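For clarity, every value in this text was computed on a predicted model and none was experimentally measured. In each ligand, atom 1 is the first atom listed, and ligand 1 is the first ligand listed.
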Amino acid sequence: MRCCYHGWLYDTTGQCIEFPLEPKVSRQQQDLRLKSYPLQALGGLLFAYMGPDPQKAPLLPRWDVLVREDGKREVKVFPDHHCNWLQIQENTADSTHTFYLHGIMDRELGLNHPFAAYYRRPIESMEFGFCEWGLDKTIVYGGDVPETEIRPPMIFPNILRIPNGPVEVMHWRVPIDDENTRILFVAFTPVNNGSVRTPEDAVIPFEYVPVMKTPDGEYDLQSFFSQDQMAQETQGVIYDRSNENLGTSDRGIVMYRRMLQEQIERVEQGKDPTVAVVRDPAKNRMIDFPNITSPADAIELIRAKEKAA
Ligand SMILES: [Fe+2]
């Protein structure tokens, strides 16, 4: 990697190996080394292992969204969020926010997002459970189109996995620092007739999603992304959890925080984390979630009912 400022060149271990424009390289410069991390490319993203000992690194999980080849993949970089990453991740353990923040707000603003009616159904109950990837989530909807929705798990520590109709999506919430977070989005759209194939090592072009705000700096609230960004950032840059009122529907958030605390303690004690750590190559051919119920069928049903009415 060559520095774009003065052209100094570094090898993969972080050792500086070229000093252009330096007439005489000093001993001190020859020893110049940056901290480096082993990298792997998968599904259009680069993953760095930043743990304590690269020799003992677990496998890079091969999520279906990254390695499926029977369709097309796209990568998007969302506008940076000016808040701590944990606020964004807690949103994924917060199953009920989809009712008001997305379902009701869509109706109030007259947006007609294709999935809003799906989320606007009355929630009768919900379940959370610890699983090997993080948290399992199930929601029972009542009303005209009742359904038990098994959502993909919240993947520990920082991933959202969600179907958008037929499109399978993952968001990585990557901390830039304590106060800023970058969201990397990968979507995989299956193409059933096999006419499009995207190898896992394909170079995927990426796109920056424009800032989702009005010219005067207000949240535009026109998409689920913007609605979520508003809810996540307006908690404050680092949300003060010492002064919050948790409800029964925050059970998933409490379970997630407990999991995070336990895993931090394990790592501090020099132990391996136990959640979403893959070490068995046989298990890592492809990690998918065949039990999830996709919203696509329910959305069709809801549309048919709306038409009939
Ligand atoms: Fe949301």
Side-chain angles (χ1 to χ4, degrees), residues 65 76-123 126-128 134-141 147 149-174 181-187 209-213 218-236 239 244 246-247 249-257 289 292-296 298-299 302:
V65 169
K76 291 182 181 178
V77 184
F78 282 3
D80 290 349
H81 284 34
H82 183 40
C83 66
N84 183 265
W85 70 277
L86 188 55
Q87 281 150 241
I88 305 176
Q89 188 61 14
E90 285 186 346
N91 173 277
T92 298
D94 183 343
S95 296
T96 55
H97 85 274
T98 49
F99 180 79
Y100 268 99
L101 184 67
H102 303 318
I104 300 295
M105 186 175 304
D106 183 272
R107 192 178 64 199
E108 297 296 311
L109 299 180
L111 300 175
N112 274 320
H113 186 286
F115 303 158
Y118 179 89
Y119 288 131
R120 209 158 44 227
R121 290 177 294 171
I123 295 173
M126 62 196 156
E127 292 291 333
F128 299 94
L135 274 189
D136 275 328
K137 303 180 288 180
T138 303
I139 297 189
V140 179
Y141 292 106
E147 184 200 18
E149 180 197 16
I150 302 171
R151 292 186 179 177
M154 184 219 72
I155 298 172
F156 186 85
N158 68 333
I159 303 175
L160 162 66
R161 173 74 172 80
I162 192 164
N164 278 348
V167 186
E168 303 291 351
V169 174
M170 284 184 118
H171 295 211
W172 280 261
R173 284 76 182 251
V174 184
T181 307
R182 184 159 301 160
I183 301 176
L184 301 171
F185 166 106
V186 180
V209 176
V211 171
M212 298 170 283
K213 289 194 176 167
E218 294 294 331
Y219 297 95
D220 72 15
L221 303 178
Q222 298 296 301
S223 61
F224 288 179
F225 301 133
S226 172
Q227 294 160 7
D228 279 319
Q229 185 181 12
M230 179 275 290
Q232 291 154 0
E233 288 184 339
T234 56
Q235 293 171 31
Y239 172 47
E244 66 182 345
L246 293 169
S249 59
D250 293 314
R251 208 158 62 245
I253 292 176
V254 173
M255 290 169 77
Y256 169 51
R257 289 180 187 170
F289 305 99
I292 61 178
T293 50
S294 168
I299 287 167
I302 291 164

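- Geometrically, Arg251 does not engage Phe128 in a cation-pi contact, judged by NZ or CZ lying under 6.0 Å from the ring centre and within 45° of the ring axis.
- Side chain of Asp106 to main chain of His113: a donor-acceptor pair is present (N/O by atom type, distance under 3.5 Å, no hydrogens or angles).
- Distance alone, capped at 3.5 Å, places no donor-acceptor pair between the Glu168 side chain and the Ala187 backbone.
- Note on ring orientation: taking the six-membered ring where Trp is involved, the planes of His102 and Tyr119 are tilted (angle from 30° to 60°).
- Under 2.8 Å from the Fe ion (ligand 1), one finds the following protein N/O/S atoms: His97 NE2, His102 NE2, Asp228 OD1, Asp228 OD2.
- Tyr219 and Glu233 are linked by a side-chain donor-acceptor pair at a separation below 3.5 angstrom, with hydrogens and angles left out of the test.
- Side-chain atoms of Tyr256 and Glu90 form no donor-acceptor pair, as typed in the model, at a separation below 3.5 Å.
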